[in-house]
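Scroll down for the structure; my scribbles are underneath it.
Side chains included, hydrogens not; waters and symmetry mates left out as well; all remaining heavy atoms used. By convention in this document, chain letters (A, B, ...) are assigned in the order of the sequence lines, proteins followed by strands, and residues within each chain are numbered from 1.
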Amino acid sequence: MNFRKRTAVCGELRPENAGQIIVLNGWVDSTRDHGGVIFTNLRDRYGITQIVISPETQPELAARARELKAEYVIWAEGTVRMRENPNPKIPTGLVEISASDFGVINTAELLPFEISDEQLAGEELRLRYRYLDLRRPALQNNFIIRSKAYQIIHNYFAENGFLEFETPVLTKSTPEGARDYLVPSRVHKGSFYALPQSPQIYKQLLMVSGFDRYMQIVKCFRDEDLRADRQPEFTQIDVEMSFVEQNDIISLAEGLMVKLWREILEIEISAPFRRMSYREAMSRYGSDKPDLRFDLELHNITDIVCHSEFSVFALAAAEENGAVMAMNAKNCASFSRKTLDELTEHARKYGAKGLAWMKFTDGTAQSPIAKFLKDEEISAIKAKLGAEDGDLLLFGAGNWGKCCSFMGAVRLETARKSGIYENIRSKFSFHWVTEFPLLEYSEDESRYAACHHPFTSPMSEDIALLSENPATARAITHDLVVNGYETAGGSIRIHDNAVQQTMFDLLGMSREEAEKKFGFLLSALRYGAPPHGGIAFGLDRLCMLLCGSENIRDVIVFPKTTSALSLMDGCPSDVSAEQLKELGIMLAMPK
RNA sequence: GGGAUCGUAGCUCAGCUGGUUAGAGCGCUGCCCUGUCAAGGCAGAGGUCGCGGGUUCGAGCCCCGUCGGUCCCGCCA
């Protein structure tokens, strides 16, 4: 043993410990040498404790203390005592350790950046040295929260009679959904496993097996481009239940949210959460995952402007599924021309051709399109949107769905630009979006694709629509939206083989193909499948919200960059020719 | 696949319209200092301006390409 083992940690000492002789282990956070007195802050994951050495009475100790550098690992023994000058900024700030001895356990080279939450180094550098960045108290706190969440989740589901399973990671590639990560088989050259996008089919099969209540905290993999809230490998809380209807799944999920927020943040959130249909979410907020911490609702003014002389409005209104949508940005008449241009540019990114605006000041409407609108049209619009002096109205026109979604993007951007965002940072909103369309038509592939996944049950009242007008059929789905993030999603599944076959038919999948890809599931559905459904939570996004972060990398220990690289270990990387040969793989694109 | 933006000292950044020897704060090194906690004072070291090419009498700055970070669109059952 080359060090004195700690008898306390750096975050725990308080005035009541005064007089005790203790030993601390930790990292040198900083040293302040005043000549006549030397202070060293020792840090571990529990906190920071100040150690004091007095050169006058401890010349040998002081000489060694002057050799200490940032991030050395040391042990220090001493007496806890009250400080002459307390530091109210840290929990241990009332006490300090008067050192009697210390030793260096390990030295550290000069770090590539300072371990500090105050001024962050570039993210590229911090990712390259992720193990050092993870020493930062703010990041450590995120993983302490994440760890608490694991415990709460396991307990919650255990208390509710759920069994935990581990489903395979080497699985079968399926045609629907995201791009798969593939793993070549050595034994069967030319064949591949896929890493799971989610354990969807396995959990359904466990229902057929009679396990009734399944849960798993599980890694999932999707080979798609990254975002601030999306990583190629991420963690789901995967849940499936038998003999249930949608309400059972929803209330179970609500119970978990209440418990997480209560036990981690000491915030009481009220359940049941508000529910709205997909159609309502799209038409009122322009998003299937609206942020309901603020209003800025969209209004359909197609009826008011359908005969307008402003041709953009009139043409959109005349179009099939066309619409003119408007939003009242309260008190935003002060937006500059530049800000309005930026909003328009933002709308264009989401497929808008343009964005019209109208400001109300001193009782008059000021707008580039005012000259095309009749007074009665303007006053009808004003009345419908409740516009008053100081308000800014924003208008979008076009296909209803597209129009709603770019206006939804404008809604969020307006919230950011108006300062609404600043006031809602510490708020939380939870709500459900249900009744998603079962299918959406893919222009690219000239066929329907499942909105959720191909095993999602249609609403019973919409089953007839599957043959008449598939695009209008709704599914029994439930998405949990927290602060505008899709935090969980699920559905009641098809437990009837005939309905499942109908789905595959609609997806343009031949009987042979369906049999080849999903035959095992179709078989299972013929051997006594209970009605079942479930939900999967994005654990990383949940943790991000609990940590008050807007970036998923803050809650993933070793994340990838936007280009899916791991800067720390340098993957993905070359493999040897021997490895490739063993797998029967030849590269078509040698570097 | 596309758009925006960034890359200058170990770190965070400034660097004007292209013009002499590229700056600041922090950190680092040395010295001083008895109560700091972003300690303070004095002195010092430290630069392939991401990389490659081009324009120009002259490029950190302009142009083309490329690599990397971030954010977004598409994509993400």
Checklist entry - In terms of heavy-atom contacts, does NZ of A:Lys289 have more than 12 from other residues, nucleotides or ligands at under 6.0 Å? => result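 Not buried by this count: 12 neighbours or fewer within 6.0 Å.
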Next on the checklist: Please verify the inter-ring angle class for A:His346 with A:Tyr350; under 30° counts as parallel, over 60° as perpendicular, anything in between as tilted.
Outcome noted: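 Plane angle between 30° and 60°, so tilted.
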Next on the checklist: Ignoring hydrogens and geometry beyond distance, is the side chain of A:Arg83 in donor-acceptor contact with the base of B:rC37 at under 3.5 Å?
Outcome noted: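 Indeed there is one.
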Next on the checklist: Between the base of B:rC11 and the side chain of A:Arg126, is there a donor and acceptor pair under 3.5 angstrom?
Outcome noted: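 Absent.
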Next on the checklist: Both conditions, 6.0 Å and 45 degrees, for the charged tip of A:Arg416 above the ring of A:Tyr421: are they met here?
Outcome noted: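 Ring-cation test returns yes.
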Checklist entry - Within 45° of the axis and under 6.0 Å from the centre of the six-membered ring of A:Tyr278, does NZ or CZ of A:Arg474 qualify? => result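 No, a cation-pi geometry is absent between A:Arg474 and A:Tyr278.
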Can you tell me, in whole Å, how much space there is between the [atom1] of [N] and that of [M]?
N: B:rG68; M: B:rU21; atom1: C1'; result: 32 Å
N: B:rG15; M: B:rG54; atom1: P; result: 29 Å
N: B:rA38; M: B:rC26; atom1: P; result: 14 Å
N: B:rC16; M: B:rC71; atom1: P; result: 28 Å

Item to check | Proximity to RNA chain B (any heavy atom under 4.0 Å), residues of residues 25-38 of chain A only | outcome: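 Heavy-atom cutoff 4.0 Å gives A:Arg32, A:Asp33, A:His34, A:Gly35, A:Gly36, A:Val37.
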Mind calculating the distance between [atom1] ([X]) and [atom2] ([N]) to the nearest angstrom?
X: A:Ile51; N: B:rC37; atom1: CD1; atom2: C1'; result: 14 Å
X: A:Ile115; N: B:rU12; atom1: CD1; atom2: C1'; result: 15 Å
X: A:Asp117; N: B:rC11; atom1: CG; atom2: C1'; result: 15 Å
X: A:Leu343; N: B:rC72; atom1: CG; atom2: C1'; result: 15 Å
X: A:Asn85; N: B:rU36; atom1: CG; atom2: C1'; result: 8 Å
X: A:Ile48; N: B:rA39; atom1: CD1; atom2: P; result: 11 Å
X: A:Tyr421; N: B:rC71; atom1: OH; atom2: C1'; result: 14 Å

Table of protein N/O atoms under 3.5 Å from nucleotides 66-69 of chain B N/O atoms:
from   : atom 1 : to       : atom 2 : distance (Å)
B:rG68 : O2'    : A:Glu124 : OE1    : 3.4
B:rG68 : O2'    : A:Glu124 : OE2    : 2.6
B:rG69 : OP1    : A:Thr561 : OG1    : 2.5
B:rG69 : OP1    : A:Ser563 : OG     : 3.1
B:rG69 : OP2    : A:Ser563 : OG     : 3.0
B:rG69 : O4'    : A:Glu124 : OE1    : 3.4

Checklist entry - Any chance the side chains of A:Arg493 and A:Gln500 put a donor and an acceptor closer than 3.5 Å? => result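 Absent: no donor and acceptor within the cut-off.
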Checklist entry - Would you say the side chains of A:Gln216 and A:Thr167 form a donor-acceptor pair under 3.5 Å? => result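 Short answer, yes.
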Next on the checklist: If you only use heavy atoms from C-beta on, which nucleotide in B:rC71, B:rC72, B:rC76 is closest to the side chain of A:Ala178?
Outcome noted: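 Among the listed nucleotides, the one closest to the side chain of A:Ala178 is B:rC76.
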Item to check | A:Phe39-B:rU36 aromatic stacking (under 5.5 Å, under 30°) | outcome: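 Taking the rule of under 5.5 Å and under 30°, the ring of A:Phe39 does stack on B:rU36.
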Next on the checklist: Under 4.0 Å, counting only non-hydrogen atoms across every strand here, what does A:Pro454 touch: a base, just sugar-phosphate, or nothing?
Outcome noted: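 The residue A:Pro454 makes base contact.
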